[in-house]
Amino acid sequence: MKKILLSVLLAVPVWGFSQSFQVNLQGQKQTAMGGAGTGVAMDEAAVFFNPGAVSFLKQNGVQGGVNGIILKTSFSQAGSNITEHNQNKLPTPFAAYAVFGSPQNRLRFGLGVYTPFGGAMHWDTNWTGKYTVTSLDLQAVYIQPTLSLKITDNIGIGGGVVYSLGKVDLRRAIPITLNNGESSTAQLKGTSKDFGWNAGIYINTLSGVTIGISHRSKINATVDNGDANFVVPDALKPTFPTKFNAQLPLPATSTIGFGFYPSDKTTIALDVNWVQWHVYKDLAFDYDNNTRIPDTKSPRNYHDAATFRLGIENKVSSIVALRAGVGYALTPVGDGYVTPEVPDANRLLLSAGIGFKPSERFGVDFSFLYENVKSRSGTNIETGLNGTFKTVAFIPGVALSYKF
Amino acid sequence: MNSKYFYKSALALAVLGLAACKPSVNTTVPSKGTADFTRYIAVGNSLTSGFADGGLYLDGQKNCFPGMIAEQMKTVGGGSFTTPFFADNQANGSGYLKLTGFNANGTPQTTKETSNLAYRPGSTTFFTRYSGDINNYGVPGIKLIHSTIAGYGTLNPYYERMLTDATLTTPYLNFVTSKPFTFFSMWLGNNDILGYATSGGAGDTPTDKALFTQVYNLVVSQLVKGGTGGNGAKGVVATIPDVTATAFFRTVTLKSILAAVNASPGGAGVTDLYIKPGTGAARKATAEDLFTLTLLSDRTIGKPDATGPYGLAPTNPIENQYVLDKDEVAVVNDYVASYNATIRSVASAYNLALMDANAMLKEYGAGKEVNGALVSGAFITGNLFSLDGIHLTPMGYAITANGFINAINAKYGSSIPIVDVTKYRGVKFP
C-alpha cells in the first residue's frame, strides 16, 4: 500500500473544480453521480447540497471524504512549436459532515466542513506566461452549522451559517531584471475569514418526484494586510510594497434539483446550478506602497454560468451500489479574459463510483470524476498572452461513513 | 499472488498512467515553405551584431536577433549559425555601460565596464581578430554606403576583427558574399542617418537619398545571387526605425530639465532653456526640440561661466551637439522616410520579405503588454532599449527576431516558430 501511496504522491499535479475555481467535490456519492444531489435526500452531504433535505435523512451519521485532483493543463503560445505543461501538485479538497438529532423529530441538526473553492495551479517559474502568473494556491474552507426543519411530512426547509476560512498564495515574475539576469518576482500571500449562508427547501411531491432548491450566498473573501513579498533589485527595494489588501468574491450558487425513483433500487438525480460569477469583475490588489507600482485592477468580467448534472445510482445488492453521472459546465469566462491560473472553458464531466455497505452502520464510497475542459485559444486583453490552453482532470475520491 | 495484490497494482498503474497523460494542444508545425534556410547569413550593423549598452560584448552577442532566428530556423532545416563571439577571457569586448544606481532625483548612474576587454595588446582601437566561420556579419557603425568601400576594414575595428591581413581591404559586400548562402537578412541604413541625429545634427551628414537608393539596389542585387558559388538566395530586409522616437531622444526633455532646474537651489523661477540650433542664433527651447541622452552626463545645466548660466541664458545656450532641434528632427524624418521608401521598393522589386522595423519600434515604443510584461520606449524601465538608449535589450532583440520571423513566414509561406520573448531580459538593475 505504501508503494501505491507513493506513486500517487509522485504522479500527481494540479487543481480541482467544476467551473473556474469553484470546486464541486462535496460528497462521494454525489460526485459519482455527476455532482447532482440537491433534489435527493441521499446522505449527510445534504448539509451542503440542500439543508432542507437533512430533515428527511432516515438515519443520523457522520462521514468524511477526500479527493485527489490530478489536473493536467497544456499551453502553447500562438506561433510557437513548444507545448508547456503545468507542474504536478495534488490538492486534496475534503468534505466532512455530521447529522444528528432524532430522526423521528421534525428538527434535525447538521454540521458541514467542506472546500467549495480552491485551486493549485503551478507553472514553471520561467514559463512563457511567467509575468502573468507562476503559481496560485487558493483554498476556501466553509464551516457550516445547519438546522433543518420538516415543516410538513413532505416539505423540509433548512439553513446554515457559513464561516469561511480562506488562504491564497499568488506568485508571478516581474519584468524587472535582477543583476543576475533573472526576473524579479512577487508573492502575495494572505488569509481571510468571512461569513455567508446556505439554505434550501426539499419537497416530496405526490407523484413521487422529489424537488430541491438551494442557495449558497456570495462570500467576499477579504484579505487584510496580506504579505507582499517582492524580490526586486536592491536599488528599487524601498519603492515596493510589503503589504496588500484584496478581495476575491466567491460567487453565490443557486441550484434546482430533482430526484426520480424508477424502482426501489434506482435513484436518478438531476441538478442545474446557476453560479453568479458576475461578481468577479476584477482581481484588485491594494498595496501599502505605490511609489513604484500602482494598485492593480485586472479585469476578469466573469458572467453567470450554468452547470447541468445528471446522475444515477443503482443498488445492485444490499451491500453494493453502483453510480454514474454526466455533466456539462458552461464557462463563466469570456473571450479575452482567460488567464493561466484559471484556464477555463466549457467542460464535460463524466463520473462513476461504487459504494459498499458491509454493515448497517458502516459505508465506504469511491468516486472517480473525469473532466475534459475544451481547448481554448485567444489573447488575454490585459496581458497580451496569446495561445491555446487545454485541460483535463482526473479526480479519484473516497469517503467513509458511519450511521448511528 | 493474490487478487488483492493485482487490484492494488492495477490501481497504482492507473494512477501513474493518468498522471503521465498530458493533454495535447495544437502547436505550430515547423515548415520551410518556399524558402531554403540551409545557410543563413545576417548582414547589418550594430543591431545585427548584438550591440547593447553602448558596446559590443559577449552577452550582447549571445542575445543577437540573428542568432535567435537561426535557432528557430533549425526546426525548418536551418544549419549551424555562428556569430563571431569575443573569447571568454575577453568577454567584455569593447566595454559597455552598467547601471550602478540612481541619484536622489531618480536619474540613473552608470559606469563603463573596463575589465576583460578584447583590444589587441598595445591598441585601444583594434580588437583581437576572430578566425572561424561567420554567419552573423553585423558590424557596429557601418553605413549602407560603406559596404562597397575597399579598405573599410582599416577604418572600422568591428569589421577589421573579422578579417585577415589578406582580406583587409576587401569591401564588406564582397566579404559577406564570398561564401554561398541560401538565405539572408539585411538590415543596413540605420547609420546613414543615426550619426547625424545623435550628434544633434552637428557631427555627421545624412547619406544622400539618391546614393542610398543606388547602393541599396546594388547590395540587394548581389545578395540575392547567394554568394560566390551559390545558387541564389531569398531573404528579408528591414526598414529603418524612427531614431527620434528612441529613448536616446525621449528621456532628457525640456520638461524634465526644467523640473530639475526648478527643484534646484535658486532655480525656482526658471521657465526657459536656451539652445543653439543647427542654423541661426540661440533661442528658447521648445517641446519639439529633442535633447540627447548624453546631455546631462556631459554638461551641468545652470553651471555659470563668464557668458552666463549654462543653458539658461541666450549667451550660454545648450550646444548644438546636444540638441536635435525641430528643423533637424524634420531633416531626420525626411531622410528616414525616403530611405524606407527605397527599402520597400527594392524589397518589392526583388520579391523579398520586408520587416517593418519602423512600425514595430513605434508599436512597442508606445507601450505594449507582451505576455504580461509591459514593454515601452521608457529608458531603463521600458525593457526595450538598453542603457545607450538606441540599441535594444535582449528582450527587445527577441521582439525584433519575432518581427523578422513573422515577415519571413508571411512572405515564404514558412512556419518558423517564434521566439519566447519572455525568456529574455531587460536592463540589469543593481
Side-chain angles (χ1 to χ4, degrees), chain A residues 1 3-4 6-8 10-13 68 70 72-83 85 88 126-133 172-184 232-236 372-373 375 377 380 382-392 394 396, chain B residues 4 8-9 11-30 59 72 75-76 98-102 106 108-109 368-375 380-383 393-395 402 405-406 409 415-430:
Chain A
M1 198 59 206
K3 273 186 189 159
I4 294 173
L6 187 65
S7 65
V8 169
L10 287 177
V12 218
I70 303 168
K72 295 283 179 189
T73 296
S74 299
F75 172 77
S76 183
Q77 192 186 2
S80 173
N81 61 333
I82 294 167
T83 302
H85 303 280
N88 294 347
N126 199 28
W127 82 293
T128 302
K130 68 178 175 179
Y131 295 122
T132 65
V133 68
R172 53 171 282 203
I174 305 285
I176 297 172
T177 307
L178 298 169
N179 208 28
N180 65 6
E182 291 174 8
S183 304
S184 300
V232 294
D234 291 343
L236 303 178
N372 189 321
V373 185
S375 169
S377 302
N380 183 280
E382 184 196 10
T383 63
L385 187 66
N386 178 8
T388 305
F389 287 101
K390 170 72 186 173
T391 299
V392 295
F394 310 95
Chain B
K4 234 181 202 172
K8 281 181 183 172
S9 303
L11 178 63
L13 274 176
V15 169
L16 286 171
L18 292 177
C21 152
K22 293 174 174 170
S24 64
V25 288
N26 290 333
T27 61
T28 290
V29 179
D59 190 52
Q72 300 306 98
T75 65
V76 293
K98 293 199 290 193
L99 184 63
T100 53
F102 294 92
Q109 301 165 335
K368 187 176 163 77
E369 286 280 345
V370 180
N371 300 343
L374 180 65
V375 172
I380 296 183
T381 57
N383 287 315
T393 59
M395 186 181 257
N402 283 344
I405 286 172
N406 290 334
N409 287 343
S415 294
I416 303 170
I418 60 163
V419 171
D420 182 357
V421 172
T422 314
K423 298 280 190 288
Y424 295 90
R425 68 170 175 87
V427 169
K428 279 186 188 177
F429 281 73

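A, B, ... follow the sequence lines: proteins, then strands. Residue 1 opens every chain.
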Check: Minimum heavy-atom separation for B:T27 to A:S76, with atom names?
Finding: CG2-OG, 3.1 Å

Next item on the list: Identify which part of B:T75 has an atom lying under 4.5 Å from any heavy atom of chain A, answering side chain, backbone, both or neither.
Entry: side chain

Next item on the list: Examine distances only and state if a side-chain atom of B:T422 and a backbone atom of A:T128 form a donor-acceptor pair shorter than 3.5 Å.
Entry: yes

Check: Any idea which of A:A235, A:G387, A:G129 has the most non-hydrogen atom pairs under 4.5 angstrom with chain B?
Finding: A:A235

Next item on the list: Please round to the nearest 0.5 Å and tell me the distance separating atom CG of A:N179 and atom CG of B:L99.
Entry: 9.0 Å

Margin query: Counting only non-hydrogen atoms closer than 4.5 Å, does A:E382 touch chain B with its backbone (N, CA, C, O), its side chain (CB onward), both, or neither?
Written below: backbone

Checklist line | Contacts of type side-chain contact (heavy atoms from CB on, under 4.5 Å), residue B:L374, not counting sequence neighbours | finding: B:E369

Checklist line | Candidate pair A:Q77 and B:N371, rule side-chain contact (heavy atoms from CB on, under 4.5 Å), full reasoning | finding: CA-CA 10 Å; A:Q77 192 186 2; B:N371 300 343; 3.4 Å; yes

Checklist line | A:K72 NZ to B:S24 OG distance, which is reported to the nearest 0.5 Å | finding: 13.5 Å

Checklist line | Rounded distance [0.5 Å steps], NZ in B:K22 versus OG1 in A:T83 | finding: 10.5 Å

Notebook entry, point to check: How far apart are the C-alpha atoms of B:F102 and A:L236, what are their side-chain angles, what is the distance that settles it, and do they pass the side-chain contact (heavy atoms from CB on, under 4.5 Å) test?
Noted result: CA-CA 9 Å; B:F102 294 92; A:L236 303 178; 4.1 Å; yes

Next item on the list: Please state whether the side chain, the backbone, both or neither of A:A78 comes within less than 4.5 Å of a heavy atom of chain B.
Entry: backbone

Note to self: Report which part of A:T388 has an atom under 4.5 Å of a heavy atom belonging to chain B: side chain, backbone, both, or neither.
What the structure shows: both

Margin query: For the backbone of B:P23 and the side chain of A:S74, can you confirm whether one donor and one acceptor N or O come within less than 3.5 Å of each other?
Written below: yes

Next item on the list: Find the one option among A:S183, A:P233, A:S184 whose heavy-atom pairs under 4.5 Å with chain B are most numerous.
Entry: A:P233

Notebook entry, point to check: Taking A:R172, A:E182, A:H85, A:K130 one by one, which has the highest count of heavy-atom pairs under 4.5 Å against chain B?
Noted result: A:H85

Check: Where is the tightest heavy-atom contact between B:N383 and A:P175, given as atom of each residue plus distance?
Finding: ND2-O, 3.0 Å

Check: residues 423-430 of chain B side-chain donor-acceptor pairs under 3.5 Å, at least two apart:
from, atom 1, to, atom 2, distance (Å)
B:K423, NZ, A:N126, O, 2.8
B:K423, NZ, B:D420, OD2, 2.7
B:R425, NH2, B:D59, OD2, 2.8

Check: Relative to chain A, which segment of B:N402 carries a heavy atom at a distance below 4.5 Å: side chain, backbone, both, or neither?
Finding: neither

Notebook entry, point to check: Do you know which two heavy atoms are closest between A:S80 and B:I418, and how far apart they sit?
Noted result: N-CG1, 3.9 Å

